[in-house]
Number of protein chains: 2
Amino acid sequence: MKKNAEINATPVCQLRMQAISDAMSLLSGKWKFHILGTLMEGHKLGFMDLLREIEGIGTKMLSKELQDLEMNNLVSRTVLDTKPITVKYAITDYGKTLSPIIDELANWGISYRKAVYGKV
Amino acid sequence: MKKNAEINATPVCQLRMQAISDAMSLLSGKWKFHILGTLMEGHKLGFMDLLREIEGIGTKMLSKELQDLEMNNLVSRTVLDTKPITVKYAITDYGKTLSPIIDELANWGISYRKAVYGKV
DNA sequence: GAAAGTACTTTCCTATAGGAAACTATCTAT
DNA sequence: ATAGATAGTTTCCTATAGGAAAGTACTTTC
């Protein structure tokens with residue numbers, strides 16, 4: 001007799017799996033959490049500010065990731081009518097709902113590093 | 001005058017960024033959370049059980065991801081002396097410390113889906 | 001002795017992620 | 001006029017992720 005899935009076949013598990021896939025598809029990649037974390041600290045930063053704050057990122061990735069985040073309503077982009085024009089990026093209210101995840105992830109990472117390398 | 005990073009230059013931010021990178025390097029990829037989530041529900045599952053439970057995964061990825069997770073002490077692998085041999089995978093105590101993150105992520109994903117598609 | 005179940009590994013392939021460097025375009029200060 | 005700041009885009013390249021399919025090896029059941 002051929003076995004079928006049992007655990008993940010329940011509706012509640014299917015929903016959770018789907019939800020995790022959804023979340024990860026928005027948040028995966030090397031830079032998203034860094035950008036979101038920086039904007040949570042920084043409130044309204046320009047493109048060049050972010051480029052300076054996030055060590056290692058290049059213009060292409062920053063530009064692309066900001067577009068992704070904006071499309072998913074996690075970050076807002078505002079063009080200011082200054083001379084020369086400046087652009088301000090900020091985290092949206094919806095983006096702020098990610099802060100528990102980011103905090104959990106950061107705390108877990110800190111304790112993991114302690115566990116592996118023994119203190120800091 | 002050239003500007004430097006200010007926000008992320010603080011030691012506490014550097015620590016958090018490092019921690020997030022650490023965590024993501026262990027948990028990134030399409031299948032890790034699915035595997036961990038399934039093992040949290042299932043307590044001790046064989047390779048074929050996991051293959052059945054996790055819809056869409058293939059043998060190569062399952063094998064590779066399990067090795068990664070085992071190496072990082074999030075999952076344990078036990079060969080049982082049965083005939084034919086069977087292997088049981090289980091989540092470790094350390095792996096269980098990820099459950100708050102997985103829960104947060106799942107809940108966030110569920111509310112995101114509601115917000116985007118309006119109810120389920 | 002053939003089928004089917006256990007647990008994988010290996011090979012081959014494509015798609016995506018991500019980095020470096022150059023380029024566009026506008027404006028300000030010297 | 002030139003340097004430097006704003007905010008990106010475009011091109012070219014490589015590395016990694018991930019999937020499909022076949023193969024390995026052993027054992028039990030029919």
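Letters A, B, ... are given to chains in the order of the sequence lines, protein chains preceding strands, and every chain is numbered from 1. All values reported here derive from a predicted model rather than from experimental measurement.
Within 6.0 Å of atom CD in B:Gln14, more than 12 heavy atoms from other residues, nucleotides or ligands are found, so the atom counts as buried in its surroundings. Annotation for B:Gln18: atom CD counts as buried by contact number, over 12 foreign heavy atoms lying within 6.0 Å.
Regarding B:Glu53, its CD atom lies at a distance of 14 Å from the P atom of C:dA7, rounded to whole Å. For the pair A:Lys44 NZ and D:dA7 P, the computed distance is 14 Å after rounding to whole Å. Distance B:Lys83 NZ to D:dC26 P: 11 Å, rounded to the nearest Å. The separation between B:Ile85 atom CD1 and C:dT6 atom P is 12 Å, rounded to whole Å.
Less than 4.0 Å separates DNA chain D from at least one heavy atom of each of the following residues of residues 56-76 of chain A: A:Thr59, A:Lys60, A:Ser63, A:Gln67. Using a 4.0 Å cutoff on non-hydrogen atoms, the parts of residues 25-37 of chain B near DNA chain D are B:Gly29, B:Lys30, B:Trp31, ordered by number.
Distance check: B:Thr38 OG1 to A:Ile7 CD1 gives 7.0 Å after rounding to the nearest 0.5 Å. Summarising the geometry, atom CD1 belonging to B:Ile102 is positioned 3.5 Å from atom CE belonging to B:Met40; distances are rounded to the nearest 0.5 Å. Taking CG of A:Leu98 as the reference point, atom NZ of A:Lys32 lies at 11.5 Å (rounded to 0.5 Å).
Although no hydrogens or angles enter the test, the distance criterion places a donor-acceptor pair under 3.5 Å between the side chain of A:Asn8 and the main chain of B:Glu53. A donor-acceptor contact shorter than 3.5 Å is absent between the side chain of A:Ser63 and the backbone of A:Thr59. Judged purely by atom type and a 3.5 angstrom limit, A:Thr97 uses its side chain to pair as donor or acceptor with the backbone of A:Tyr94.
The listed nucleotides are C:dT28, C:dA7, D:dG8; the one nearest the side chain of A:Pro84 is C:dT28.
For B:Arg52 and C:dA7, the shortest distance from a side-chain N or O to OP1 or OP2 is not below 4.0 Å.
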